[in-house]
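Please read the structure below before turning to the comments.
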Amino acid sequence: MKSHHLLKTIATHNVRELLFSSSSSSSSSSSNPSVLIDEFINLCHRRDLSRAMEAMNSLQRHGIQADAVTYSELIKCCVAHRAIEQGRAVHKHISSNGHAPQTFLNNVILNMYVKFNLLDDAGNVFDEMPERNVVSWTTMISAYSNNKFDREALGLLVMMQREGVRPNMFTFSSVLRVCDGLETLRQLHSGIVKFGLDSDVFVRSALIDVYAKWGELDDGFCVFKEMVTGDLIVWNSIIGGFAQNGRGEEALDLFKMMRSAGLPANQASLTSVLRACTGLALLELGRQVHAHLLKLESDLILNNALLDMYCKCGSLEDANIVFKRMLERDVISWSTMIAGLAQNGQTMEALELFESMKSLGPTPNYITMVGVLFACSHAGLVDDGWYYFRSMKRLFDVDPGREHYGCMVDLLGRAGKLDDAIRFILKMQCQPDITIWRILLGACRVHRNLDLAIFVGKKILELEPEDEGTYILLSNIYANSQRWEDVAAVRKIMDGRGLKKEPGCSWIEFNKKVHAFMIGDKLHPEIDEIIMKMNLLMRRLMEVGYVPDTNFVLHDLEGEQKEDALQYHSEKLAIVFGLINVPTEKPVRIIKNLRICCDCHTFAKLISMIENRHIVIRDPVRFHHFRNGVCSCGDYW
DNA sequence: TTCCAACCAC
């Protein structure tokens, strides 16, 4: 299609050279109408904007018009040059004979205003068109959907059908992006089937994508499975859907299937694979992907995904190398790196990077500031946090939102300023949501404020009676205060509602396999060896002064039993597995689904000292790098 | 016309 057009242009050009070579500079002075119009047509097809405009003015003076195809070429040329005023002039010239242009040309004009993002002008053209075909409607719909006018876009889809115009695949792929919920999505889907468009790859990939965005990944998967496809983007849609929804294993499985079907991966596929690695903390797999990037290594999005993968897999060395090597860095690259440093306990480095971003990089945005405040809250930098929070509107025009409020409550709460945290919550611009209260409840636990915890816990359970995390946190807080009857009462409510604590799970990547451990796990093939080693280690730990911290044991157990439950926490099992198997010069990298408990934290610190190992634990929020008996979080998490 | 990147709590 494109090459055909190119040939046509070259052919026209050559003819033009033959016919007009001697008169090209003075031809606009000719007054012969047929010469004028030929000249105009040739200039338009050559996309010579300024001379075509001059020629058009001559035509205007003679009251002559060219054909629709010529004008469409000229308008495309205006769009390509982003020449708004010239575009308007062409539009005016075309309308000057008093007749409405034919639908095709009107669509081209409509499209021009849409490309210039002049929606009012586009709307006027659209309203005045005597006849509107599917292209006219679809152009308007995509204009609205690109500008997030969801209701208008959906409204037009209904109106076009009322006027008897059948939507096509273009229409649906545009409108799917603005669909405002599952209800609408299912209606659109049935419309797609009704019009027989459900085999179009554009429609299918958009459908899969939107199902995934509305959390109905399985419906998206059905769309995918309905028919075998060799279309890379349809594959990318479903792989991306799984990767973004925390279903990394399925994303990786599908990627393997795609590769064995003989499809080559592109940067979008690899970006999703990296995202899956990030979610699963598969550093080694991520490294392999990195090693295979080759000619894609300058792709910005892919590099950003790579950065995030290294940060979230706890390898800041690699992240720093990627960041430094990147030829192009956008606000996402900087924000990712700042948040990554903060999550890995390198608060000062994070804030320094933020300073250099201010002088060398793009303007920080909403998310950058979340990372900055996160850095402050996890390092106890109350004054800095206040400063950044108060100045972000003035300096970067960022209005504080839920995430910033959350960080501030976290900052004040963690620092033990619970009163300030409450005052802050009451003064917030928005209603405190469940997240804010949860953050405060976490702070109550750290600072053992039982009364406030009970108050906040009630607040949360009013908003979300099934919130198991809150029950767990409350029962932990009661356990801290030895209030075993209250612990039992909370447990009873949980049992009554059928709520269960999410079982703690830790995993470690070793020899291209993921080894997962649950509390008191007896299933792992090497469990006997692990327990033997654990007992040896425990003896040595006791000698250096380790005392099991039973505060976090939920059940109302006594003494030694409590210690037993602690001793087989999943992260301890995973650490010991790592000590046995991972070569001594390499870090032992563990991933956890829940936050690490105090006892395991102490355990890991001491192990890193007596075994002289680097241990890295990723919990759902941040990293702990243990070296020589010290943790990068500074015992503040 | 479709796919791919960063953020609070857990």
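Order of the sequence lines fixes the chain letters, A, B, ..., with proteins taken first and strands second; residue numbering starts at 1 for each chain.
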In residues 185-203 of chain A, what residues come within less than 4.0 Å of DNA chain B, judged by heavy atoms? A/V201, A/F202
Tell me whether the guanidinium CZ or amine NZ of A/R132 lies under 6.0 angstrom from the six-membered ring centre of A/F126 and within 45° of its axis. yes
Hey, could you give me each pair passing salt bridge (Lys or Arg N to Asp or Glu O under 4.0 Å) that has a residue in residues 261-282 of chain A? Not counting sequence neighbours. none
Check whether the side chains of A/N236 and A/S269 place a donor and an acceptor atom closer than 3.5 Å, and report yes or no. yes
Does A/N365 reach a base, just sugar-phosphate, or nothing at all? Heavy atoms under 4.0 Å. base
Does any pair with a residue in residues 187-207 of chain A pass side chain to side chain donor-acceptor pair (under 3.5 Å), and if so which ones, sequence neighbours excluded? A/H189-A/Y211
So A/R204, base contact, sugar-phosphate only, or nothing? Heavy-atom distance under 4.0 Å. nothing
Is it true that A/D619 and A/R595 make a salt bridge, defined as a side-chain N closer than 4.0 Å to a carboxylate O? yes
Looking at every strand, decide which applies to A/Q343 at a 4.0 Å heavy-atom threshold: base, sugar-phosphate, or nothing. sugar-phosphate
Outermost DNA chain B nucleotides near chain A [under 4.0 Å, heavy atoms]: B/dT1 to B/dC10
Is it true that the side chains of A/S333 and A/N304 contain a donor and an acceptor less than 3.5 Å apart? yes
Scan residues 431-442 of chain A against DNA chain B and write down, sorted by residue number, each residue with any heavy atom closer than 4.0 Å; if none is found, say none. A/T435, A/R438, A/I439
Any pair with a residue in residues 460-478 of chain A that passes salt bridge (Lys or Arg N to Asp or Glu O under 4.0 Å), sequence neighbours left out, goes on the list, sorted by first then second residue, please. A/R438-A/D467, A/E466-A/R497
In terms of the angle between their ring planes, are A/W386 and A/F424 parallel, tilted or perpendicular, with boundaries placed at 30° and 60°? perpendicular
Where at least one partner belongs to residues 298-309 of chain A, residue pairs that pass salt bridge (Lys or Arg N to Asp or Glu O under 4.0 Å), sequence neighbours excluded: A/D308-A/K312
Classify the nucleic acid contact of A/K592 as base, sugar-phosphate or nothing, counting any heavy atom under 4.0 Å across all strands shown. nothing
Applying a 4.0 Å non-hydrogen cut-off, can you work out what A/S174 is touching in the nucleic acid: base, sugar-phosphate, or nothing? nothing
What donor-acceptor contacts under 3.5 angstrom involve side-chain atoms of residues 399-409 of chain A, with partners at least two apart or in another chain?
| residue | atom | partner | partner atom | Å |
| --- | --- | --- | --- | --- |
| A/D399 | OD1 | A/K393 | NZ | 3.2 |
| A/R402 | NH1 | A/Q431 | O | 3.2 |
| A/R402 | NH1 | A/D433 | OD2 | 3.4 |
| A/E403 | OE1 | A/Y366 | OH | 2.5 |
| A/H404 | ND1 | A/G401 | N | 3.0 |
| A/H404 | NE2 | A/Y366 | O | 2.9 |
| A/Y405 | OH | A/Q429 | N | 3.4 |

With sequence neighbours excluded, tell me which residues meet ring-ring contact (aromatic ring centres under 6.0 Å, His included) with A/W437. none
Using side-chain hydrogen bond (donor to acceptor under 3.5 Å, both in side chains) as the criterion, list what pairs up with A/N593, not counting sequence neighbours. A/E502
Can you name the side-chain hydrogen bond (donor to acceptor under 3.5 Å, both in side chains) partners of A/Q244, sequence neighbours left out? none
With a 4.0 Å heavy-atom cut-off, tell me which residues in residues 330-337 of chain A come close to DNA chain B, sorted by residue number. A/D330, A/I332, A/S335, A/T336
